[in-house]
Amino acid sequence: MTSNAELLEIAATIARRAAAFAWQRRRDGVEIAASKSSLSDIVTRADRETEQLIRDALAASRPRDGFLGEESGGGSSQSGLTWVVDPIDGTVNYYYGIPAWAVSVAVVEGDSDPATWRTLAGAVVNPVTGEAFTASAGGGARLNGERLQVTTGVELPLALVGTGFGYDAEVRRRQAAFVGELIGEVRDIRRIGAASLDLCSVAAGRLDAYFERGLNPWDHAAGALIAEEAGARVAGLDGGPADRRLLVAAAPDLFEQLHPRVERFYADWE
Ligand code: LIP
């Protein structure tokens with residue numbers, strides 16, 4: 001039976017290698033390979049190549065495990081473990097050369113469904129800043145080896161809150177209208193553009209809270225564990241597991257103030 005610490009070592013090693021590859025491909029020049037849900041929802045050749053690098057490395061070291069990746073879909077598990085991968089989270093930032101993108105690699109126990117899975121280990125690597133965020137279940141969260149702890153005792157009016165928006169223009173308009181209200185109730189809002197880094201920012205105390213609707217499992221699988229292991233509460237609607245309908249992350253005392261405010265807005269969304 002492989003320990004969570006051993007699984008984390010595999011995740012972090014592969015994420016670092018993939019991040020170095022993706023950064024080199026960025027410096028070589030970015031080519032958009034396709035658009036997905038909308039013209040603004042792009043995928044670059046590097047997204048696909050980086051995911052293949054990760055998939056090949058995992059197939060070699062963990063051949064019986066399952067795989068769920070943003071670009072190449074799923075592969076069934078014979079071991080009960082599944083690797084959940086976003087090869088380049090923050091693709092638009094990557095395309096524009098904004099240094100806020102990361103390779104996110106997590107391993108979960110159970111189905112590749114955020115509603116039921118248990119995340120065992122995760123790594124989020126931003127090669128541009130040289131930052132590797134890591135966590136294993138019960139093992140704590142770290143940034144380049146240093147322990148992370150969320151900031152507590154922050155009241156909502158003084159909270160720095162991260163969020164994000166969907167790729168659909170009409171969805172973005174509705175989300176922006178809500179942010180237009182909320183911004184008067186908190187310290188300020190930040191839109192970093194990569195859910196994995198938003199969640200790691202909560203873990204590192206660079207954000208007091210983060211919420212977003214419309215995330216894919218690979219966007220938050222690793223970052224949510226890192227935030228939780230740093231002391232944050234991460235949950236979705238009705239306080240259940242975070243999923244596409246909603247993710248809210250904050251220290252428990254701030255979570256109790258922010259979650260009801262955000263949930264009221266998103267509760268009746270499809
Ligand atoms: C991104 C998320 C981000 C969200 C963006 C996009 P991608 O993932 O990490 O939080 O606001 O719209 O979905 O597409 O760069 O992997």
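Both counts, for ligands and for their atoms, begin at 1 and track the order of listing.
- Heavy atoms of V92 found under 4.0 angstrom from ligand 1: none, in either backbone or side chain.
- Heavy-atom separations between L215 and ligand 1 include at least one value shorter than 4.0 Å.
- R26 forms no cation-pi arrangement with W101, by the criterion of a distance under 6.0 Å to the ring centre and an angle within 45° of the ring axis.
- The local environment of CD in E146 is sparse, with at most 12 non-hydrogen atoms from other residues, nucleotides or ligands closer than 6.0 Å.
- Using a 4.0 Å cut-off between a side-chain N of Lys or Arg and a carboxylate O of Asp or Glu, E71 and R55 do not qualify as a salt bridge.
- The closest approach between a heavy atom of Y210 and any atom of ligand 1 is below 4.0 Å.
- Near E70, with a cut-off below 4.0 Å to any heavy atom, the atoms of ligand 1 are 14 (O), 16 (O).
- Compare T91, D219, D89 by their heavy atoms: the one nearest to atom 9 (O) of ligand 1 is in D89.
- With A195, G214, G166 as candidates, the residue nearest to atom 3 (C) of ligand 1 on a non-hydrogen basis is A195.
- In plain terms, the two heavy atoms of V154 and D253 that are nearest each other are N-OD2, 4.2 Å.
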Exercise. Run the numbers on T151 and D208 for side chain to side chain donor-acceptor pair (under 3.5 Å), then give the verdict.
Key: CA-CA 7 Å; T151 307; D208 296 309; 4.5 Å; no
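- More than 12 heavy atoms of other residues, nucleotides or ligands sit less than 6.0 Å from atom CZ of R172.
- Under a 4.0 Å heavy-atom criterion, D47 is not in contact with ligand 1.
- For ligand 1, the polar-atom distance check against R191 finds a nitrogen or oxygen pair separated by under 3.5 Å.
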